[in-house]
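A short write-up of the structure that comes next.
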2 protein chains.
Amino acid sequence: MAAAKGTPMSLAYIEVRNAAGFPGYESSCSIDENAGRAIREVLDRVGDKWSLLVIATLRGDRLRFTELLKHIPGISQRMLTLTLRQLERDGLVARTVYAEVPPRVEYELTDLGATLIPMARTIGDWALANHPAIEESRARYDAAH
Amino acid sequence: MAAAKGTPMSLAYIEVRNAAGFPGYESSCSIDENAGRAIREVLDRVGDKWSLLVIATLRGDRLRFTELLKHIPGISQRMLTLTLRQLERDGLVARTVYAEVPPRVEYELTDLGATLIPMARTIGDWALANHPAIEESRARYDAAH
DNA sequence: CGGCATCCCCTTCGATACTG
DNA sequence: CAGTATCGAAGGGGATGCCG
């Protein structure tokens, strides 16, 4: 069983041909609807344009809004705000406001957010290692079509 | 150095404070622009609505178009086509056409695509394990705002 | 400093219909 | 069976401006 501890997953739609246990796939065949939803909801958060970059930048640090802005090339003020709000809402990032003048706001990963680091690292490693191969493949495909 | 073997990454923008080696982050501070691009391009592919689900469904199998359609709940014909074309263009999925009547087309992961399995598994595990916590956090946040 | 509000473009995606 | 074509809604995301 790949279902998380305590998670009441109704694993319908499953034809067991392979119990190797890809999460959400008890078979090599059909996909569990709940698992699909969970995976897509996580990807909707972490797979958007900036979330993972924000998380990676925050790993092990408390950073102010402006610091994040400087350290993530290309992000706009608006998108940093929106991304941080989403991450805060999901309990992945903690926001601390200091009642000072001028105002100071610091962001850091929560414990839950910190568990994303290995995942982010896996994605980052894969991206750096295989991005060139993908670029080549695209060039070949485009040339042939 | 976390840069992939042979990858000529110009690691500018980097202030070395921590050599722990998060991919693309030689410091705990600034982010390398190329690494950011690579990560975002990979996420643009794998982080879209269906790609990861298609990849996970194809792991270890050769499947026909209609089979994929049946095994991925909620995907439309159009989106399956588009997703498969993108994955094929990026060299992650191989498409084989059999000149028969009626036509038969089979899809399978390439070697490059297969290297995505551990990443997909990491994401899926995390999603299944932490999705409930995220839902709770959202409910709390929404109640307080 | 750290936002939020507005405007607007562009892409993504679903529904539907048609085809070799 | 395995697509392609077209349409339209939704929303992601950039630029800019205002505010406590």
Side-chain angles (χ1 to χ4, degrees), chain A residues 33 36-37 39-54 57-58 61-90 93-108 138 141 145, chain B residues 33 36-37 39-54 57-58 61-90 93-108 141 144-145:
Chain A
E33 237 179 299
R37 258 193 353 100
I39 291 174
R40 242 182 304 99
E41 276 191 35
V42 167
L43 280 178
D44 281 349
R45 176 70 42 250
V46 137
D48 69 2
K49 196 166 178 181
W50 300 108
S51 288
L52 201 69
L53 259 29
V54 170
T57 305
L58 279 179
D61 270 334
R62 283 172 71 90
L63 293 176
R64 307 179 55 164
F65 186 85
T66 327
E67 291 175 322
L68 279 167
L69 211 51
K70 280 190 303 187
H71 295 325
I72 305 176
I75 196 170
S76 67
Q77 202 177 42
R78 167 191 156 82
M79 286 318 296
L80 180 55
T81 301
L82 289 180
T83 303
L84 287 169
R85 284 298 164 279
Q86 300 265 37
L87 294 173
E88 187 193 359
R89 185 169 101 102
D90 288 356
V93 159
R95 179 173 181 267
T96 314
V97 184
Y98 296 89
E100 304 174 359
V101 186
R104 183 161 60 100
V105 181
E106 289 187 350
Y107 294 92
E108 63 188 326
R138 282 185 195 175
Y141 185 94
H145 301 72
Chain B
E33 238 178 298
R37 258 194 351 103
I39 291 174
R40 241 183 302 99
E41 277 191 35
V42 167
L43 280 177
D44 281 348
R45 175 72 40 248
V46 137
D48 69 3
K49 195 166 180 181
W50 301 109
S51 289
L52 201 68
L53 259 28
V54 170
T57 305
L58 279 179
D61 271 333
R62 282 171 71 88
L63 293 176
R64 306 177 57 161
F65 187 83
T66 328
E67 291 175 321
L68 279 167
L69 212 50
K70 279 189 302 187
H71 295 325
I72 305 176
I75 196 169
S76 66
Q77 202 176 44
R78 166 192 156 83
M79 285 319 296
L80 181 55
T81 301
L82 289 179
T83 303
L84 287 169
R85 286 296 166 281
Q86 300 266 36
L87 293 173
E88 188 193 359
R89 184 169 101 103
D90 287 356
V93 160
R95 180 172 180 267
T96 314
V97 183
Y98 296 89
E100 305 175 358
V101 186
R104 183 161 60 101
V105 181
E106 289 186 350
Y107 294 93
E108 62 187 328
Y141 185 95
H145 299 75

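What you are looking at is a predicted structure, and each value in this text was computed from that prediction instead of being measured. These values consider heavy atoms only, across backbone and side chains, with no hydrogens, waters or symmetry-generated copies.
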Contacts of A:Gln77 that satisfy side-chain contact (heavy atoms from CB on, under 4.5 Å) - sequence neighbours left out: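 Partners of A:Gln77 by the side-chain contact (heavy atoms from CB on, under 4.5 Å) criterion, ordered by chain and then number, come out as A:Phe65, A:Leu69.
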Search all heavy atoms of [X] against all heavy atoms of [Y] and return the closest pair with its distance.
X: B:Arg45; Y: B:Ser51; answer: O-OG, 3.0 Å
X: A:Asp48; Y: B:Leu43; answer: O-CD1, 4.4 Å
X: B:Thr57; Y: B:Leu63; answer: O-CD1, 3.7 Å
X: A:Arg64; Y: A:Glu67; answer: N-OE1, 2.7 Å

Does anyone know the first and last nucleotide of DNA chain D in reach of chain B, 5' to 3', at under 4.0 angstrom to a heavy atom?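 Answer, 5' to 3': D:dC1 to D:dT6.
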Would you please confirm or rule out a distance under 4.0 Å between OP1 or OP2 of C:dG3 and any side-chain N or O of A:Arg64?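 No.
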Please tabulate the protein-to-nucleotide N/O contacts below 3.5 Å involving nucleotides 9-11 of chain C, giving atom names and distances.
none

Summarise how protein sits on nucleotides 15-20 of chain C as a single string, 5' to 3': B when a protein heavy atom is under 4.0 Å from the base, S for sugar-phosphate-only contact, - for no contact. B----B
Could you check if a side-chain atom of A:Glu106 sits within less than 4.5 angstrom of a side-chain atom of A:Arg104, using non-hydrogen atoms only?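 Counting from C-beta outward, A:Glu106 and A:Arg104 do come under 4.5 Å.
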Just so I know, are the side chains of A:Arg95 and A:Arg85 near enough to count as touching, which here means a heavy-atom distance under 4.5 Å?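 The answer is yes; the side chains approach within 4.5 Å.
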Rounded to the nearest 0.5 Å, what separation is found between the [atom1] atom of [X] and the [atom2] atom of [Y]?
X: A:Leu80; Y: A:Arg78; atom1: CG; atom2: CZ; result: 12.0 Å
X: B:Ile75; Y: B:Leu68; atom1: CD1; atom2: CG; result: 8.0 Å
X: B:Ile39; Y: A:Lys49; atom1: CD1; atom2: NZ; result: 14.5 Å
X: B:Thr83; Y: B:Glu88; atom1: OG1; atom2: CD; result: 12.5 Å

Using the rule given for side-chain contact (heavy atoms from CB on, under 4.5 Å), can you reason through A:Gln86 versus A:Trp50, listing the C-alpha separation, both sets of side-chain angles and the distance that settles it, and then say yes or no? CA-CA 11 Å; A:Gln86 300 265 37; A:Trp50 300 108; over 6 Å; no
Step by step, would you call B:Leu87 with B:Leu58 a side-chain contact (heavy atoms from CB on, under 4.5 Å)? CA-CA 12 Å; B:Leu87 293 173; B:Leu58 279 179; 5.9 Å; no
Would B:Asp90 and A:Arg138 count as a side-chain contact (heavy atoms from CB on, under 4.5 Å) if you check the C-alpha gap in whole Å, the side-chain angles of each, and the deciding distance to 0.1 Å? CA-CA 5 Å; B:Asp90 287 356; A:Arg138 282 185 195 175; 2.6 Å; yes
Does anything in residues 80-88 of chain A come within less than 4.0 Å of DNA chain C? Heavy atoms only, and list the residues if so.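 Within residues 80-88 of chain A, the residues near DNA chain C are A:Thr81, A:Arg85.
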Would you classify A:Tyr107 as touching base, sugar-phosphate or nothing, given that sugar-phosphate means primed atoms plus P, OP1 and OP2, and contacts are heavy atoms under 4.0 Å?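 It contacts sugar-phosphate atoms only.
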Test side-chain contact (heavy atoms from CB on, under 4.5 Å) on B:Leu53 and A:Arg40; report intermediate values, then the result. CA-CA 9 Å; B:Leu53 259 28; A:Arg40 242 182 304 99; 3.6 Å; yes
May I ask you to list the residues of residues 41-51 of chain A, by number, that have any heavy atom positioned under 4.0 Å from an atom of DNA chain D?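 Correct list: A:Lys49, A:Trp50.
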